[in-house]
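A, B, ... follow the sequence lines: proteins, then strands. Residue 1 opens every chain. Values below: all heavy atoms of this structure, side chains included; hydrogens, waters and symmetry mates excluded.
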Protein chains: 2
Amino acid sequence: MKITLDQYDYKILHILNENSRLSYAEIGRKISLSQSATKERVLNLVENGVIKQFGVEIDFSKLGYGLQVVMSLKFRNDEFKTFLDNLSKFPEILSCKRITGEYCLVAECILSDSSHLENLIDRLIPYGVPTTSVQLSEVKVDNFFKHLM
Amino acid sequence: MKITLDQYDYKILHILNENSRLSYAEIGRKISLSQSATKERVLNLVENGVIKQFGVEIDFSKLGYGLQVVMSLKFRNDEFKTFLDNLSKFPEILSCKRITGEYCLVAECILSDSSHLENLIDRLIPYGVPTTSVQLSEVKVDNFFKHLM
DNA sequence: TGTGAAATTTAATGGCG
DNA sequence: CGCCATTAAATTTCACA
């Protein structure tokens with residue numbers, strides 16, 4: 001089901017996307033709406049499921065995890081489901097996307113160094129064949145919201 | 001430069017990762033610390049660059065963008081830099097990672113339907129050869145923080 | 001670094017256009 | 001849907017340990 005938003009909602013999403021800790025009052029000021037109205041809209045966006053979560057972006061390299069890799073996985077016969085059930089054994093995997101194509105899963109991994117990577121690969125082998133690409137840099141864009149408005 | 005955090009900081013990161021809109025007072029309650037001390041720690045994490053941003057996760061399918069793809073790009077000779085300079089022309093690209101390997105860039109794209117995808121591919125062709133995988137599902141895990149503590 | 005307290009600002013609620 | 005007014009709660013600032 002598609003949810004229809006207006007300009008206020010798009011502006012709120014745009015503002016929260018850049019700083020989700022702003023107070024309702026401050027968001028309201030930016031979009032010329034009272035704090036009560038702003039709050040109700042934010043809560044509605046959460047209730048509707050448009051906003052899935054208020055999170056935080058972390059620079060893992062500052063925590064001693066200077067190696068980030070994109071891992072593609074080609075699973076053995078029926079190991080896909082088993083792998084998902086055992087995801088908690090792989091704390092270094094931040095997120096997994098199931099995708100179409102030869103490699104049916106792509107995972108973002110946070111590692112301290114190459115020996116950590118070797119260790120991860122060894123633990124993945126039972127499930128399938130991993131292919132590793134080292135992440136050199138990342139650009140996050142937020143034109144999407146501007147584009148909607 | 002690596003930054004050393006203690007248990008309080010890791011707990012704060014874990015809590016903020018799940019809900020970045022919690023008040024300092026509430027975070028403080030969860031970790032048995034005063035609101036002033038909690039606030040100072042959060043501000044330090046931001047100042048240190050450990051926290052890059054407080055953001056929001058959005059369910060784009062609810063906004064009419066039901067097709068999410070992972071696009072790998074193999075660039076023509078010198079088009080990589082040109083592409084990055086022109087990223088603003090591609091609002092449907094949420095993030096790009098430069099990676100090692102044959103495909104030197106992998107991008108997350110938000111699209112309304114297959115004709116939107118076709119349009120995107122046409123606009124990408126001048127820069128390089130795109131390979132598209134449709135994203136079927138995604139799992140975000142947050143064992144990473146628990147693992148640190 | 002952390003705590004506690006006072007002044008200011010927000011959040012939450014309910015009644016009303 | 002949004003505004004305003006009221007009460008409760010959180011933030012800010014600062015003195016002190």
Subject >> Footprint string (nucleotides 3-17 of chain C, 5' to 3'): B base within contact, S backbone only, - free, heavy atoms under 4.0 Å >> reply: BB-----SBB-----

**OP:** Could you tell me if the ring centre of B:F60 sits under 6.0 Å from that of B:Y65?
**Re:** no

Subject >> Separation of D:dA15 C1' from B:E40 CD (nearest whole Å) >> reply: 14 Å

Subject >> Lys/Arg-Asp/Glu bridge criterion (N-O < 4.0 Å) met for B:K11, B:D6 >> reply: no

Original post:
Are A:E138 and B:R98 ion-paired here, with the side-chain N under 4.0 Å from a carboxylate O?
Top reply: no

Subject >> Distance-only side-chain donor-acceptor flag, A:S20 / B:S20, under 3.5 Å >> reply: yes

Original post:
Under 3.5 Å, is there a donor-acceptor pair between the A:Y103 and A:T131 side chains?
Top reply: yes

